[in-house]
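Remarks on the structure that follows.
One-based numbering, in listed order, for ligands and for the atoms of each. Note that the numbering runs from 1 along the sequence shown for the chain.
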Amino acid sequence: MSNVFHRSALTTPPMATRALGQQITDVAGRSYLDASGGAAVSCIGHGDPRVVAAVSKQIAQLDYAHNGAFTSQPAEELATHICNAAGLGMTRVYFVGSGSEAVEAAIKMARQCQIERGQAGRHIVISRRQSYHGNTLGALARSGSETRRAPYAPMLPDRTQVMPCFYYRYAEPGETPEAFGRRAADTLEAEILRLGPENVAAFLVETVVGATSGAVTPVPGYFTRIREICDRYGVLLICDEVMCGVHRTGPFLACAAEGIAPDIVTLAKGLGGGYLPIGAVVCRPEVHDSFAQGSGTFTHGHTYMAHPVVCAAALAVQQVIVEDGLAARVVEQGAALEAALRGRLGQYPHVGDIRGRGLLWAVELVADPETSAPFDPKLGISARIGAEAKARGLLVYPGSGTIDGWQGDHVLLAPAYSIGTEDLEKIADVLATSIEVVTRRTADVVS
Ligand code: PLP
């Protein structure tokens, strides 16, 4: 019997014993090709000796010193690396332990920044439907992920959420991407006016949507309009790049591809690449200045933030990305993954959409190819495809509620930036077989 409180109270997952490169091996000796980096986390592959060496060195030299009393060399170097890589005028980094903590810190930073600027009434953080920002209560309150929210709904503040920028599902027939983007962005302006701009602190948005709808990229012009609206009403723009940042979709910050600079950005997964848990809130100088020229202190903090060993691990991961030219590989291998997916799955009737950017891709499934109607959620299609792929030695990230939080299924892929072309072809192949097997079985059951 296991004493671990696992995610499922009914089963204990297989025990992983080794991870190297693109493979994870379990105690029974079964090997799995890691096609999603867990939840889009592993970005340089597993078991890189350069990270192991950096962690060993740091832990021997300085394990822990409270962040209120001391800074550390790894934290300083990592913050400088992040600001240089991010560009867009970013100058300060607040280190935390996870993506959810980064979002919590970002929304509190935005709120306190407004107070420091003499705008104490501004306390509301608007977000979007079909988004995921984390499982802690503050982040969950802003998330649009319905199944994750449902049990806790009475504990969450009233939601203020606007339309997602999800062209495949939300565009009107004949609507151009540009017109759709304008319509989607304008729902933010309407919501700010409804709430009263003097009450709105920030808008929180995933630059590229990850887990909830599956690798949904914004349409051209959407973020330009969002930036204009935020500026017009004094609302801070927070881009949640916990999943899509750190080169996952190409540039270090995904928002660079949209031609805008947010006030605050959150990062996590690819920052530590899975070696040790880390998240970060990155901000522009004006945000930090408001604290420096105001109360002087951000009223927040955690025991383990800016942990020297964790920062050393993340710094080593970022150095591997630079040394091995992995940012350029994201673009090359992203194109190879797209080609493999379209080649293998493009004509398959139950595949409604193949979308993504860089090395963040999703395949959305449909029950009816004519109408794009989703499968009945009770069938649990994406979870079954995930299980089938795992049985065939492939780890993917299945998601449901793709369309509105309840309906729709997708499978997310986010392999390490170091993945080879043969492995990408294997991913497309095994995923295609898993989709074919599960949808055929389902058709047999349904008919
Ligand atoms: N924000 C986004 C965009 C995410 O994708 C996630 C996790 O998937 C989170 C926040 C929460 O991160 P964590 O699971 O590290 O708390």
Side-chain angles (χ1 to χ4, degrees), residues 7 36-43 94-110 125 127-149 152 161 164-166 202-218 223 237-249 253-255 258 262 264-282 302 304-305 307 310 313-314 317 356-362 386 395-402 405 410-414:
R7 281 188 182 228
S36 64
V41 174
S42 301
C43 57
Y94 188 89
F95 289 115
V96 290
S98 67
S100 301
E101 280 183 34
V103 170
E104 295 288 336
I107 57 186
K108 287 174 79 175
M109 188 182 284
V125 176
S127 57
R128 294 193 307 191
R129 291 189 289 281
Q130 289 310 97
S131 58
Y132 180 55
H133 299 295
N135 261 331
T136 50
L137 290 175
L140 188 62
R142 275 82 197 180
S143 296
S145 185
E146 300 302 328
T147 44
R148 288 177 167 110
R149 288 174 59 103
Y152 310 103
Q161 286 178 335
C165 185
F166 187 2
F203 178 51
L204 171 67
V205 56
E206 283 174 90
T207 313
V208 176
V209 178
T212 318
S213 291
V216 178
T217 54
F223 269 100
L237 175 58
I238 308 172
C239 284
D240 182 355
E241 302 208 355
V242 163
M243 186 178 279
C244 65
V246 194
H247 298 297
R248 172 56 62 194
T249 58
L253 294 186
C255 56
E258 304 308 317
I264 298 173
V265 186
T266 55
L267 301 174
K269 299 170 185 278
L271 192 55
Y275 286 82
L276 285 173
I278 186 167
V281 183
V282 188
H302 296 284
Y304 289 122
M305 54 188 264
H307 192 288
V310 174
V317 169
R357 188 183 285 174
L359 277 172
L360 186 65
W361 283 84
L395 301 173
V396 297
Y397 187 176
S400 54
T402 313
H410 66 266
V411 177
L412 195 68
L413 300 169

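Distances from atom 9 (C) of ligand 1 to the heavy atoms of Thr266, Val242, Val205 put Val242 nearest. Between Ser100, Gly97, Gly38, it is Ser100 that holds the heavy atom closest to atom 16 (O) of ligand 1.
An N or O contact shorter than 3.5 Å links Gly99 to ligand 1 by distance. Among the atoms of Glu101, none of the N or O lies under 3.5 angstrom from an N or O of ligand 1.
By the criterion of a heavy-atom distance under 4.0 Å, the backbone of His133, and not its side chain, is placed next to ligand 1.
With 3.5 Å as the limit, one finds a donor-acceptor pair spanning the side chains of Thr207 and Glu241. Under 3.5 Å, the side chains of Thr266 and Asp240 contain a donor-acceptor pair of N or O atoms.
In this structure, Ser127 contributes its side chain and Leu204 its backbone to no donor-acceptor pair below 3.5 Å. Between the side chain of Ser143 and the main chain of His133, a donor-acceptor pair closer than 3.5 Å is present.
The ligand atoms of ligand 1 that sit less than 4.0 angstrom from a heavy atom of Ser98 are 15 (O), 16 (O). Taking every non-hydrogen atom of Met243 and a distance limit under 4.0 Å, the qualifying atoms of ligand 1 come out as 5 (O). Close approach to Glu206 involves these atoms of ligand 1, each under 4.0 Å from a residue heavy atom: 3 (C).
In this structure, Lys269 is part of the shell of residues with a heavy atom less than 4.0 angstrom from ligand 1.
Of the protein's non-hydrogen atoms, the one nearest atom 2 (C) of ligand 1 is Tyr132 O, 3.2 Å.
Test Val281, Ile107, Val205 against Ile238 for side chain to side chain contact (heavy atoms under 4.5 Å, CB included) and you get one pass: Ile107.
Between Glu258 and Arg357 there is a salt bridge, since at least one side-chain N of the basic residue sits less than 4.0 Å from a carboxylate O of the acidic one.
In this structure, the separation between CG on Leu137 and CZ on Arg149 is 11.0 Å, given to the nearest 0.5 Å.
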